[in-house]
Amino acid sequence: MTKLRRQTDTLETYLRKIRENLIRKDADAARYFVWNSEQISELIVTILTGGYIPPIILGEQKGNGLWIVDGGQRSAALNK
């Protein structure tokens, strides 16, 4: 079993990695973006007020890079 590791990036770095396809968002189980403007606003308020946001979970496969396993909706909302 592969050992889990924790990595913390700034929001700016994380979103840049997505835009540059260093973190992929096309996992087999990924769904289309469905959040509305109110949900996006609530996420932004949570961030700005220091509220809890669950961690984004990435998968890694040797030679195949990183992809979003959990947190795709949050990632897409922040990218907007």
Side-chain angles (χ1 to χ4, degrees):
M1 176 180 250
T2 303
K3 188 175 182 178
L4 296 177
R5 67 183 160 99
R6 178 181 290 244
Q7 178 177 333
T8 304
D9 282 336
T10 64
L11 180 57
E12 178 183 10
T13 298
Y14 174 69
L15 294 176
R16 180 185 49 77
K17 287 179 180 179
I18 291 174
R19 285 190 297 273
E20 294 175 358
N21 290 320
L22 299 173
I23 297 175
R24 297 175 25 207
K25 50 190 184 233
D26 62 346
D28 291 339
R31 58 186 170 134
Y32 293 105
F33 183 68
V34 296
W35 281 22
N36 60 37
S37 296
E38 183 178 329
Q39 290 168 303
I40 295 170
S41 294
E42 287 177 23
L43 176 62
I44 292 168
V45 168
T46 301
I47 291 168
L48 294 175
T49 58
Y52 175 74
I53 299 172
I56 293 172
I57 299 173
L58 303 177
E60 182 175 24
Q61 188 173 26
K62 187 176 180 179
N64 205 11
L66 298 169
W67 70 94
I68 300 170
V69 173
D70 182 57
Q73 295 294 305
R74 286 171 277 150
S75 298
L78 292 168
N79 226 356
K80 285 186 163 282

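We use all heavy atoms of the structure for the numbers below, so side chains are in, but hydrogens, waters and symmetry mates are not. In what follows, residues are counted from 1 in the order of the sequence shown.
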Got a second to check how far Glu42's CD is from Ser37's OG, nearest 0.5 Å? 11.5 Å
Just checking, any donor-acceptor pair under 3.5 angstrom between side chains of Tyr52 and Thr46? no
Listing request: all salt bridge (charged side-chain N to carboxylate O under 4.0 Å, His left out) pairs with a residue in residues 46-59, at least two apart in sequence or in separate chains. none
Path from Leu11 to Trp35 over hydrophobic side-chain contacts below 4.5 Å: yes
Pair Glu12 + Arg16: basic N to acidic O under 4.0 Å: no
Using 0.5 Å steps for rounding, measure from the CZ atom of Phe33 to the CD atom of Gln39. 8.0 Å
Going only through I, L, V, M, F, W and Y residues with side-chain contacts under 4.5 Å, is there a path from Val34 to Ile53? yes
Distance check, rounded to the nearest 0.5 Å: Ile23 atom CD1 versus Ile68 atom CD1? 6.5 Å
Rounded to the nearest 0.5 Å, what's the gap from CG on Leu43 to CD1 on Ile47? Could you check? 4.0 Å
Nearest atoms (heavy-atom pairs only) where Leu15 meets Leu78: CD1-O, 3.8 Å
Should Arg5 and Glu60 count as an ion pair when the cut-off is N to O under 4.0 Å? yes
Could you check if a side-chain atom of Asp9 sits within less than 4.5 angstrom of a side-chain atom of Gln7, using non-hydrogen atoms only? yes
Determine whether Arg74 and Pro54 make a side-chain contact, defined as any pair of heavy atoms from C-beta on separated by less than 4.5 Å. yes
Report the distance from atom CG of Asp70 to atom OG of Ser75, rounding to the nearest 0.5 Å. 9.0 Å
Please round to the nearest 0.5 Å and tell me the distance separating atom NZ of Lys80 and atom CD1 of Ile44. 11.5 Å
Can Leu66 and Leu22 be said to form a side-chain contact (heavy atoms from CB on, under 4.5 Å), step by step? CA-CA 7 Å; Leu66 298 169; Leu22 299 173; over 6 Å; no
May I ask you to list the residues sharing a hydrophobic cluster with Ile57, side-chain cutoff 4.5 Å, ordered by chain and number? Trp67, Val69
